[in-house]
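Single-structure report; data block below.
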Amino acid sequence: MVLDNGNVKLAFLGGGREVGRSAVWVRGEKASILLDYGVRVGDPEPLFPLHVPPKELDAIVLSHAHLDHSGALPLLYVSYPRPLYMTSLSAKMLDFLLKDFMNLSKYYIPYEQTDVNRMFRHMRAVKPGSKVKVGNVKLTFADAGHIPGGLQVLVEVDGKRILYTGDINTIDTRLLKGAKPFNEELDVLVVEATYAGVDHPDREELEKEFVESVVEVVEDGVVVLVPAFSVGRAQEILCVLTAYSFNHTIYLDGMARAISQVFLDHPRFFRDYGLLKKALEKAIWINGKGDRKRACRKPGVIIAPAGMLKGGPAVQYLKRMAEDERNAVFLVSYQIPGTPGHILLNTGKFPFNNELKPIKASIKWFDFSSHVGDRQLWEVLKAVKGNPRVFVIHGEDQACTMLAERVSLELGLEAMAPRNGEVFKV
Ligand SMILES: [Zn+2]
């Protein structure tokens with residue numbers, strides 16, 4: 001796609017009426033900025049956002065490390081490198097996530113490690129609260145509360161103020177402080193809608209129910225497997241158990257270990273670094289096959305990726321513990337339809353090597369989300385200052401269109417759910 005100079009324009013290159021491959025291009029008269037460039041993992045092969053010629057860009061901003069916001073970025077560094085703004089913590093996490101993505105993908109990925117390395121050489125670290133000037137564009141960064149190192153970005157160009165929320169969470173979790181409302185008048189708001197129309201349970205109630213359920217199983221002398229994403233959820237679950245003085249054995253496995261070490265090196269990004277440190281010290285970090293076998297034989301909790309059981313050590317543990325009906329599998333993140341975790345939750349069977357096998361261990365889902373639920377999302381929208389045009393992205397088709405309609409009707413703001421490839425003058 002090419003955008004000509006002139007009035008400020010917004011082009012949606014991905015993430016329009018879908019969750020995945022987020023990419024928004026802001027073009028002013030003299031400068032142009034790309035916000036995120038992600039992949040849509042799965043489907044069955046990864047989908048990339050619409051093409052943008054890197055030499056048309058002055059800078060790129062990454063809101064947070066998740067692959068649906070970052071996985072296509074190295075493509076932009078094959079030929080014409082531009083400065084890339086993100087937090088130092090996002091950069092460290094992204095390094096692990098991209099390696100994992102390249103190693104595990106069964107499909108061709110159109111970039112290589114050398115492109116990833118070139119990308120990191122052009123990384124410029126920013127923090128929540130930082131302001132950066134790129135030509136006549138001013139970028140202001142703020143906490144997003146979604147995953148460690150995540151940002152919201154205010155883009156000020158040619159007299160327009162555009163807020164891109166990225167993925168946000170406004171409630172405090174054990175790991176992160178919730179995002180604060182932006183107190184400035186806006187001309188444009190680009191907001192996520194992952195859970196538009198869906199409320200999450202009260203976090204404290206959820207934590208209590210989770211810990212009680214874990215204790216019950218462990219005190220029965222058996223094992224709870226918690227499949228969890230490596231970049232936040234695994235550590236949050238550790239913090240929850242520690243906050244409730246859980247005094248049984250906890251094991252941590254997979255990439256969650258390396259990411260935890262990265263977290264320990266970045267104290268300023270966490271709500272309660274003391275709790276995080278204590279939780280990570282309390283856990284036994286699994287080291288090799290012998291440890292894994294032992295972990296399954298003793299009562300305790302095993303926290304291991306992948307969060308949707310698409311591979312990783314969690315699947316190996318599941319294989320070992322599936323036959324004992326006293327064991328439990330507690331899923332702690334959203335399970336995308338079609339993923340092994342979703343199949344397990346809905347059928348009680350698991351696809352080992354494409355063969356569905358019944359799992360005797362009990363299975364339960366706990367709604368630990370890192371995205372705003374409907375109620376909080378509405379609070380964010382109501383608190384917005386000015387009379388901005390609202391673009392709703394990063395949600396299923398219906399979630400995006402319904403939220404846009406509600407914003408127009410109830411808040412009287414011009415709102416829409418753009419499709420990929422659509423361009424708007426603002
Ligand atoms: Zn995210």
Side-chain angles (χ1 to χ4, degrees), residues 1 8-27 33-38 40 47 49-50 61 63-64 66 68-69 142 144-146 150-155 160-171 178-179 181-182 184-200 334 336 369-426:
M1 177 181 278
V8 179
K9 292 188 194 78
L10 240 64
F12 294 87
L13 309 180
R17 303 194 186 192
E18 65 176 342
V19 178
R21 55 171 168 173
S22 283
V24 180
W25 184 9
V26 181
R27 172 136 220 177
I33 309 282
L34 181 66
L35 306 168
D36 289 344
Y37 207 52
R40 182 165 171 162
L47 296 177
L50 298 176
V61 175
S63 65
H64 65 286
H66 278 153
D68 61 330
H69 293 254
H146 169 59
L151 297 168
Q152 306 183 68
V153 194
L154 178 70
V155 182
K160 301 285 179 194
R161 303 160 74 84
I162 301 162
L163 177 64
Y164 175 67
T165 65
D167 292 355
I168 42 165
N169 200 6
T170 54
I171 62 155
F182 241 83
E184 308 192 29
E185 297 230 336
L186 299 176
D187 298 293
V188 174
L189 172 68
V190 182
V191 68
E192 70 130 313
T194 321
Y195 286 96
V198 180
D199 270 322
H200 301 307
Y334 175 69
I336 296 175
S369 181
S370 56
H371 292 269
V372 271
D374 190 64
R375 209 171 43 243
Q376 293 84 24
L377 184 55
W378 196 244
E379 278 163 18
V380 168
L381 287 158
K382 278 199 304 192
V384 164
K385 301 229 165 83
N387 230 350
R389 216 160 145 189
V390 178
F391 294 95
V392 181
I393 60 166
H394 198 287
E396 295 307 330
D397 196 328
Q398 214 195 0
C400 292
T401 48
M402 275 175 53
L403 182 64
E405 228 165 84
R406 189 174 172 207
V407 170
S408 323
L409 277 174
E410 294 184 33
L411 300 179
L413 298 172
E414 192 187 340
M416 61 207 71
R419 293 173 196 278
N420 294 337
E422 282 192 307
V423 181
F424 299 86
K425 247 185 216 171
V426 294

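Model, not experiment: these values are computed from the prediction. One is the number of the first residue; the rest follow in order along the sequence.
Note that the CD atom of Glu18 and the CD atom of Glu396 stand 8.5 Å from one another [nearest 0.5 Å]. One distance of note links OG of Ser369 with CG of Asn169; it measures 6.5 Å at 0.5 Å rounding. Taken from NZ in Lys425 to CZ in Arg389, the straight-line distance is 10.5 Å, to the nearest 0.5 Å. The distance from the CG atom of Asn387 to the CD atom of Glu185 is 8.5 Å, given to the nearest 0.5 Å. Interatomic distance, OG1 of Thr165 versus CZ of Phe182, reported as 10.5 Å (0.5 Å rounding). Note that the CD1 atom of Ile162 and the CG atom of Leu35 stand 8.5 Å from one another [nearest 0.5 Å].
The shortest distance between side-chain heavy atoms of Val61 and Ile33 falls below 4.5 Å. Annotation: side chain of Arg406 is in contact with side chain of Trp378 (closest heavy-atom distance under 4.5 Å). Within the 4.5 Å cutoff, side-chain heavy atoms of Leu13 are placed close to those of Leu34. Val24 is listed as a side-chain neighbour of Leu10, based on a closest heavy-atom distance under 4.5 Å. For the pair Phe424/Val8, no side-chain contact is recorded, criterion being any heavy-atom separation below 4.5 Å from C-beta on. With contacts defined as side-chain heavy-atom distances shorter than 4.5 Å, the pair Val384/Val191 does not qualify. In this structure, Val188 and Phe391 have side chains that are in contact, with non-hydrogen atoms separated by less than 4.5 Å.
Judged by distance alone, with hydrogens and angles left aside, the side-chain atoms of Glu192 form a donor-acceptor pair with the main-chain N or O of Ile168 at under 3.5 Å. When atom types are taken as modelled, the side chain of Arg375 and the backbone of Asp199 share no donor-acceptor pair closer than 3.5 angstrom. A donor-acceptor pair under 3.5 Å is absent between the side-chain atoms of Arg17 and the main chain of Cys400, judged by distance alone. Although no hydrogens or angles enter the test, the distance criterion places no donor-acceptor pair under 3.5 Å between the side chain of Asn420 and the main chain of Leu50.
The neighbour count for Glu410 CD, taken as heavy atoms of other residues, nucleotides or ligands under 6.0 Å away, is above 12. Environment of CE in Met402: sparse, with no more than 12 heavy atoms of neighbouring residues, nucleotides or ligands closer than 6.0 Å.
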Criterion side-chain hydrogen bond (donor to acceptor under 3.5 Å, both in side chains) on Asp167 and His66, from CA distance to verdict: CA-CA 10 Å; Asp167 292 355; His66 278 153; 4.6 Å; no
Kindly indicate, with the supporting measurements, whether the criterion side-chain contact (heavy atoms from CB on, under 4.5 Å) is fulfilled by Val190 and Phe12. CA-CA 10 Å; Val190 182; Phe12 294 87; 4.1 Å; yes
Run the side-chain contact (heavy atoms from CB on, under 4.5 Å) test on Ile336 and Val19 for me, step by step, so that the C-alpha distance in whole Å, both residues' side-chain angles and the decisive distance to 0.1 Å come before the verdict. CA-CA 10 Å; Ile336 296 175; Val19 178; over 6 Å; no
Check the pair Asp36 / Tyr164 against side-chain contact (heavy atoms from CB on, under 4.5 Å), numbers first and verdict last. CA-CA 10 Å; Asp36 289 344; Tyr164 175 67; 2.6 Å; yes
Between Asp374 and Val198, is a side-chain contact (heavy atoms from CB on, under 4.5 Å) present by the stated rule, with each step listed? CA-CA 5 Å; Asp374 190 64; Val198 180; 5.5 Å; no
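Across Asp68 and Gly20, no two heavy atoms sit closer than the pair CB-CA, 3.7 Å. Taking each heavy atom of Pro49 and Ala23 in turn, the nearest pair found is CB-CB, 3.9 Å. In terms of heavy-atom proximity, Leu189 sits nearest to Leu186 at CD1-CD1, 4.2 Å. Across every non-hydrogen atom of Ala196 and Ala399, the tightest pair is CB-O, 3.7 Å. Shown here for Gln152 and Ala179, the closest heavy-atom pair between the two residues is NE2-CB, 3.8 Å.
Of the options His394, His146, His200, a ring pair (Phe, Tyr, Trp, His ring centres under 6.0 Å) to Tyr195 is made by His200 and by none of the others.
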